[in-house]
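Below is one structure, written out as structure tokens; comments come after it.
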Amino acid sequence: IFSTILVTKSKQDAFKFANKVLTLLIIVSSVVTGIGMLCAYKLVPLIYRHQAQLQLAIFLSKIMMPFIIFVSISAIVMGMLNSLHHFLFPALAPFFSNICFILIVTFTHKKYGIKSLAFGILMSGIFYFMVQLPSILRRKFRFKFNFKFKDENVKRFLKSFFPIAFGMAVFQLNMLISIRFSSPFQ
């Protein structure tokens with residue numbers, strides 16, 4: 001949809017659309033993250049059965065939850081950059097994100113133990129976004145919250161997004177069920 005607007009209208013119109021989508025995405029992912037963090041003490045025991053490590057699992061889940069926000073934003077920015085014919089940093093972002101994760105775990109695991117993995121995941125998500133940020137800024141994109149969601153293009157985006165989100169949710173639910181049934185086994 002972004003690339004169609006870019007071709008049929010203007011770069012500014014495409015950026016306005018991107019601001020609406022990013023605003024919506026930030027709101028939804030922040031709410032989901034917030035609920036996940038607040039309800040982790042109720043949700044994690046549904047999935048993870050080891051009582052001895054349950055508090056640690058809840059703590060790790062809370063640390064990793066904001067990862068969703070940064071990766072979601074990164075995906076939109078990656079699509080925007082690809083539509084603007086800039087492929088280098090969107091392609092390198094996962095590589096640098098993984099390097100960030102490896103470095104954080106390598107240099108913090110002695111002090112923080114398994115918690116370093118959660119910190120590494122969160123920081124790699126932030127870095128995934130940060131690697132692409134200079135590229136999108138060089139293309140004159142400036143994020144501004146835009147709450148004008150009654151837009152035909154936003155409706156088209158949501159119609160195309162929900163089947164994808166539903167498919168991903170079913171996959172994640174399948175994984176959670178598998179984890180739930182396999183967690184009693186050592």
Side-chain angles (χ1 to χ4, degrees), residues 18-19 21-82 86 88-137 141-145 161 164-180 182-183:
N19 277 322
V21 170
L22 283 168
T23 300
L24 189 60
L25 186 69
I26 289 168
I27 292 167
V28 171
S29 62
S30 295
V31 167
V32 169
T33 298
I35 291 170
M37 291 174 79
L38 291 172
C39 298
Y41 71 96
K42 291 278 190 190
L43 296 173
V44 174
L46 295 174
I47 302 161
Y48 189 73
R49 293 184 181 186
H50 295 288
Q51 291 299 318
Q53 299 167 339
L54 187 58
Q55 291 306 312
L56 177 61
I58 292 168
F59 177 77
L60 296 175
S61 297
K62 287 180 179 182
I63 290 172
M64 292 184 289
M65 284 283 178
F67 176 83
I68 295 167
I69 299 168
F70 294 103
V71 171
S72 300
I73 294 168
S74 297
I76 298 297
V77 171
M78 182 181 289
M80 291 170 64
L81 286 169
N82 286 337
H86 182 73
L88 180 63
F89 283 100
L92 290 176
F95 170 76
F96 286 117
S97 173
N98 287 331
I99 295 298
C100 175
F101 173 78
I102 291 166
L103 290 173
I104 287 172
V105 172
T106 300
F107 293 110
T108 64
H109 78 279
K110 288 183 181 174
K111 183 174 182 178
Y112 297 107
I114 196 166
K115 293 174 187 171
S116 66
L117 294 172
F119 293 128
I121 288 170
L122 176 58
M123 293 309 297
S124 71
I126 293 169
F127 204 72
Y128 193 46
F129 169 67
M130 296 302 288
V131 166
Q132 298 179 82
L133 189 59
S135 296
I136 198 70
L137 292 176
F141 176 75
R142 299 297 180 263
F143 175 72
K144 295 177 188 105
F145 281 101
F161 176 75
I164 295 167
F166 179 75
M168 291 170 54
V170 169
F171 175 76
Q172 292 299 321
L173 183 61
N174 183 39
M175 292 297 294
L176 292 175
I177 291 169
S178 296
I179 291 168
R180 172 68 174 162
S182 66
S183 70

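Excluded from the calculations below are hydrogen atoms, water molecules and symmetry mates; all remaining heavy atoms, backbone and side chain alike, are included. Given the structure is predicted, the values throughout are model-derived calculations rather than measurements.
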### Message
Run V131 and F95 through side-chain contact (heavy atoms from CB on, under 4.5 Å) and show every step you take.
### Response
CA-CA 10 Å; V131 166; F95 170 76; over 6 Å; no
Run the side-chain contact (heavy atoms from CB on, under 4.5 Å) check on F70 and S29 step by step: do they pass?
CA-CA 9 Å; F70 294 103; S29 62; over 6 Å; no
Report task. Would you please test V105 and L117 for side-chain contact (heavy atoms from CB on, under 4.5 Å) and show each step? Result -> CA-CA 6 Å; V105 172; L117 294 172; 3.7 Å; yes
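The side chain to side chain donor-acceptor pair (under 3.5 Å) test applied to Q53 returns Y48, not counting sequence neighbours. In this structure N98 satisfies the side-chain contact (heavy atoms from CB on, under 4.5 Å) test with no other residue, sequence neighbours excluded.
Here the shortest heavy-atom pairing between L60 and A118 reads CD2-CB, 3.7 Å. What you find for V44 and A57 is that their closest heavy atoms are CG1-CB, 3.8 Å. Taking both residues in full, the closest heavy atoms of S72 and L25 are given as O-CD2, 3.3 Å, listed atom of the first, atom of the second, then distance. Closest approach of M37 and K62 over heavy atoms only: O-CE, 3.2 Å. For the residue pair N19 and K144, the shortest heavy atom distance occurs at OD1-N, 3.0 Å. Taking every heavy atom of both residues into account, S116 and T108 meet most closely at CB-OG1, 3.0 Å.
By the 4.5 Å heavy-atom criterion applied to side chains, I69 and S30 are counted as neighbours. Under the 4.5 Å side-chain criterion, counting only non-hydrogen atoms from C-beta, M64 is in contact with I121. Counting heavy atoms from C-beta on, the side chains of S124 and F96 never come closer than 4.5 Å. K115 is listed as a side-chain neighbour of L56, based on a closest heavy-atom distance under 4.5 Å. Side-chain contact between R142 and L137: present, with at least one pair of heavy atoms (C-beta onward) separated by less than 4.5 Å. Annotation: side chain of M78 is in contact with side chain of Y128 (closest heavy-atom distance under 4.5 Å). Side-chain contact check for I73 versus L22: some heavy-atom pair is nearer than 4.5 Å. Looking only at side-chain heavy atoms (C-beta outward), F143 and I26 come within less than 4.5 Å of each other.
The structure places CG of L38 at 10.5 Å from OG1 of T33, a figure rounded to the nearest 0.5 Å. Rounded to the nearest 0.5 Å, atoms CE (M130) and OG (S97) are 13.0 Å apart. In this structure, CD1 in I76 is found 11.0 Å from CD1 in I136, a value given to the nearest 0.5 Å. Rounding to the nearest 0.5 angstrom, the gap separating the CG atom in L54 from the CZ atom in F59 is 14.0 Å. Note that the SG atom of C39 and the CD1 atom of I58 stand 11.5 Å from one another [nearest 0.5 Å].
The ring-ring contact (aromatic ring centres under 6.0 Å, His included) analysis of residues 103-127, with sequence neighbours excluded, yields the pairs Y112-F119.
Note on ring orientation: taking the six-membered ring where Trp is involved, the planes of F89 and H86 are parallel (angle under 30°, cut-offs 30° and 60°).
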